[in-house]
Amino acid sequence: MDSEVKLTSWSSDDNPRTGSFTFQIAGDGDDYSYKYKYNPSYAILKNWQRYWESGKHLDSDFDAIISYMLTNFSTGTNTSDNFDNTMLVMKNTGELKLLVWDSFGHDWLVRWKAPASPCDQYNFCGHFTSCNGNNYKPCNCLPGFKRAEVSDENNGCVRRTATEESCGGGGGEGRSAFLELVKVKPGIPDGKYPAENESECKERCLQNCSHCQAYSYVEADVNGYRCWIWTQELDTVQDVEDDHLRNLFVRLDKSDIEPTTRTCEPCGINTVPYPLSTGPNCGDPSYFNFSCNRSTDQLTFITRTSTSGTTIHHKVTSMDVESKKFVIQVDPSVTYCTYETFSSDESLHIGSPFSVTNDCLDEDEIEVTWEPPHEPICTHSQNCEGWNHSTCKATRNGTRCICDVNYRWDGDSLTCKQVPSKGNSSGKTYLILGITLTSVITLACAIIFAYLCNRKRKEDKKSNKRNRGRLFDNEKDVKDLIEEEGLEEEDNEGIEVPYFDFESILEATDNFSDANKLGRGGYGPVYKGKLQNGEV
């Protein structure tokens with residue numbers, strides 16, 4: 001519509017230059033990249049990408065005001081006189097507020113704002129996640145999904161079992177099953193269809209199993225589209241308390257949601273990983289401290305007071321399978337946290353195999369961890385089918401799935417891990433000892449050889465010093481020196497003059513001083529010298 005207007009944010013609080021956020025009526029004629037197939041009433045765009053959407057019309061009063069403003073006061077029966085004291089403001093952060101002037105308090109009052117919480121932002125936690133803005137950790141993977149292998153948690157989650165495996169190769173539904181999430185707020189569906197009942201909606205989704213992510217069915221829809229289907233990656237699902245929301249059925253592999261001795265059935269948006277237990281037929285009985293209300297899909301952690309033994313149910317707000325931690329809500333009227341450190345009292349008794357991490361996440365939320373479990377309990381061999389390399393055997397701790405020979409139970413990975421046999425261990429030990437001993441001997445030999453060579457050089461040096469200063473005044477002494485120094489025999493011939501070393505000549509001539517210079521001959525200057533024995 002030509003009369004439609006858009007509200008654009010400033011780039012900062014004090015800079016009126018056009019910012020990143022725009023608020024407008026969402027329609028088919030929008031000039032941003034994402035096109036709504038089923039348009040919400042209004043949308044906030046961030047750099048022309050979807051940031052927030054209303055989904056349905058707002059409360060009738062707010063809807064009329066906003067619609068009237070965004071159509072440049074051209075729709076409805078209202079006149080501008082009704083909005084003299086009303087203001088619609090968008091901050092540079094993307095927060096939108098509807099303000100009404102309070103003539104008594106002389107101030108602007110916030111009547112409505114969007115996004116109301118971080119979870120209202122489009123796909124805030126990423127694909128296949130749930131978001132609850134009231135929790136300290138708002139984002140969680142949906143049951144049957146795991147955190148994507150990236151550093152930023154807002155990149156969402158991925159399926160534990162690939163679609164190709166759960167749907168099968170023939171294009172049918174294969175091992176597919178649906179997890180029902182009660183009263184949640186999903187994103188905009190990829191398709192809306194008429195359907196007579198829920199089974200028809202489910203079958204329509206499974207007609208293309210590999211593209212069937214989820215469906216939702218309601219008995220009455222004002223537009224006649226009772227069946228909603230999601231074929232793309234499921235955007236963040238909001239976990240909010242609202243009786244007017246829809247039930248959502250998410251397609252998963254049967255192995256990811258069916259209760260077994262290895263794991264319990266998910267409770268709504270909460271995964272219940274082994275060894276945690278919500279009943280006697282799943283998980284480990286030692287960890288049977290959880291309860292699932294199937295009418296509300298609410299998972300609770302059960303504690304008992306240390307004095308009276310009174311049972312207290314604490315809402316589980318977050319479950320982290322990888323780190324073996326979960327978060328529970330506690331009574332905010334009781335002080336459990338001092339300087340962000342947990343301190344328990346008789347009203348909150350948490351004992352083994354559970355313990356508080358001493359981290360106070362909020363005034364009414366604390367983090368709890370659990371210990372690695374022992375081998376799984378069993379009553380017959382079939383109970384151990386899910387635990388590879390184990391056999392059901394009686395032990396002093398009861399009948400359990402005991403790991404086979406050369407395997408050892410690892411409570412952290414929940415598997416029987418292979419260990420080296422004794423023969424292999426001895427062989428490796430001998431090999432290490434042999435290499436070590438050889439290295440030590442080689443090093444010792446090198447040290448001894450170096451020592452002997454150094455010693456011989458020192459002795460040779462001392463011998464040379466003893467020879468210095470000696471006067472060889474006949475041919476016999478010179479020959480003896482030649483033999484002592486290992487000279488060749490032919491070097492001995494023709495020696496008929498006395499022999500002196502150079503150091504003796506320097507000392508005898510006082511370093512060739514001018515006082516000892518006699519004159520000059522045909523081969524150079526001639527000096528007088530006096531030896532140590534007094535001979536000139």
Side-chain angles (χ1 to χ4, degrees), residues 1-102 106-127 131 133 138 152 154-155 185-189 232 235-236 238 240:
M1 294 174 58
D2 294 337
S3 59
E4 289 183 5
V5 295
K6 300 175 182 179
L7 181 62
T8 304
S9 68
W10 286 11
S11 62
S12 65
D13 287 335
D14 55 2
N15 189 345
R17 186 166 58 92
T18 301
S20 302
F21 295 91
T22 302
F23 178 59
Q24 65 182 49
I25 295 177
D28 291 333
D30 293 333
D31 55 354
Y32 49 91
S33 61
Y34 179 85
K35 300 299 181 183
Y36 295 101
K37 188 171 183 179
Y38 295 96
N39 300 309
S41 298
Y42 311 104
I44 297 176
L45 310 177
K46 181 179 181 181
N47 297 322
W48 302 110
Q49 298 292 322
R50 183 167 38 162
Y51 180 74
W52 171 87
E53 57 196 19
S54 63
K56 293 182 178 181
H57 284 274
L58 307 175
D59 180 273
S60 58
D61 292 337
F62 300 148
D63 185 21
I65 296 173
I66 294 175
S67 176
Y68 194 60
M69 289 182 172
L70 291 184
T71 56
N72 201 17
F73 308 104
S74 62
T75 60
T77 58
N78 298 286
T79 65
S80 59
D81 294 338
N82 298 96
F83 309 111
D84 287 343
N85 297 321
T86 305
M87 182 166 53
L88 190 62
V89 179
M90 171 169 279
K91 300 183 65 176
N92 65 295
T93 58
E95 184 182 49
L96 183 70
K97 291 183 178 181
L98 181 65
L99 305 176
V100 177
W101 179 254
D102 181 11
H106 300 285
D107 196 5
W108 290 98
L109 301 180
V110 179
R111 295 292 305 277
W112 171 83
K113 70 175 183 178
S117 76
C119 295
D120 286 336
Q121 298 176 28
Y122 169 68
N123 208 22
F124 176 72
C125 296
H127 297 306
C131 185
D152 183 4
N154 289 357
N155 281 276
K185 183 179 180 181
I188 302 298
Q232 304 297 320
D235 299 335
T236 299
Q238 290 194 51
V240 294

Legend entry - Results of side-chain contact (heavy atoms from CB on, under 4.5 Å) for Asp102 - residues two or more places apart only: Phe104, Leu109
Inset, instruction - Please name all residues satisfying side-chain contact (heavy atoms from CB on, under 4.5 Å) with Thr22, sequence neighbours left out, ordered by chain then number. - result: Lys6, Thr8, Gln24, Trp48
Legend entry - Partners meeting salt bridge (Lys or Arg N to Asp or Glu O under 4.0 Å) with Lys113 (sequence neighbours left out): Glu95
Legend entry - Minimum heavy-atom distance between Cys119 and Gly133, given as atom pair plus value: SG-N, 3.2 Å
Legend entry - Heavy-atom pair with the smallest gap, counting every atom of Asp120 and Gln238: OD1-OE1, 3.1 Å
Inset, instruction - First locate atom CD1 of Ile44, then atom CD of Gln49, and finally report the distance between them rounded to the nearest 0.5 Å. - result: 15.0 Å
Inset, instruction - Over all heavy atoms of both residues, which pair between Leu96 and Trp112 is shortest? Give the atoms and the distance, please. - result: CD2-CZ3, 3.7 Å
Inset, instruction - Indicate the atoms forming the closest heavy-atom contact of Val89 with Leu7, along with that distance. - result: C-CD2, 4.2 Å
Inset, instruction - Enter the distance from Lys97:NZ to Leu88:CG here, rounded to the nearest 0.5 Å. - result: 12.0 Å
Legend entry - Non-neighbouring partners of Ser12 that pass side chain to side chain donor-acceptor pair (under 3.5 Å), sequence neighbours left out: Asp14
Inset, instruction - Report yes if the SG atoms of Cys125 and Cys131 are separated by under 2.5 Å, and no otherwise. - result: no
Legend entry - Ser20 side, atom OG; Asn47 side, atom CG - distance, nearest 0.5 Å: 4.5 Å
Inset, instruction - If the plane angle is over 60° it's perpendicular, under 30° parallel, otherwise tilted; pick one for Tyr51 and Phe21. - result: perpendicular
Legend entry - Asp235 vs His127 side-chain heavy atoms within contact, under 4.5 Å: yes
Legend entry - Parallel, tilted or perpendicular: rings of Phe23 and Trp52 (30°, 60°): tilted
Legend entry - Shortest non-hydrogen separation from Trp108 to Asn85 and the atoms involved: CZ3-O, 3.5 Å
Legend entry - Shortest non-hydrogen contact between Thr236 and Asn123, atoms and distance: N-OD1, 2.9 Å
Inset, instruction - With sequence neighbours excluded, tell me which residues meet side-chain contact (heavy atoms from CB on, under 4.5 Å) with Ser11. - result: Asn15, Arg17
Legend entry - Donor-acceptor contact below 3.5 Å, side chain Thr86 vs main chain Val100: no
Inset, instruction - Just jot down the side-chain contact (heavy atoms from CB on, under 4.5 Å) partners of Trp10, sequence neighbours excluded, or say none. - result: Pro16
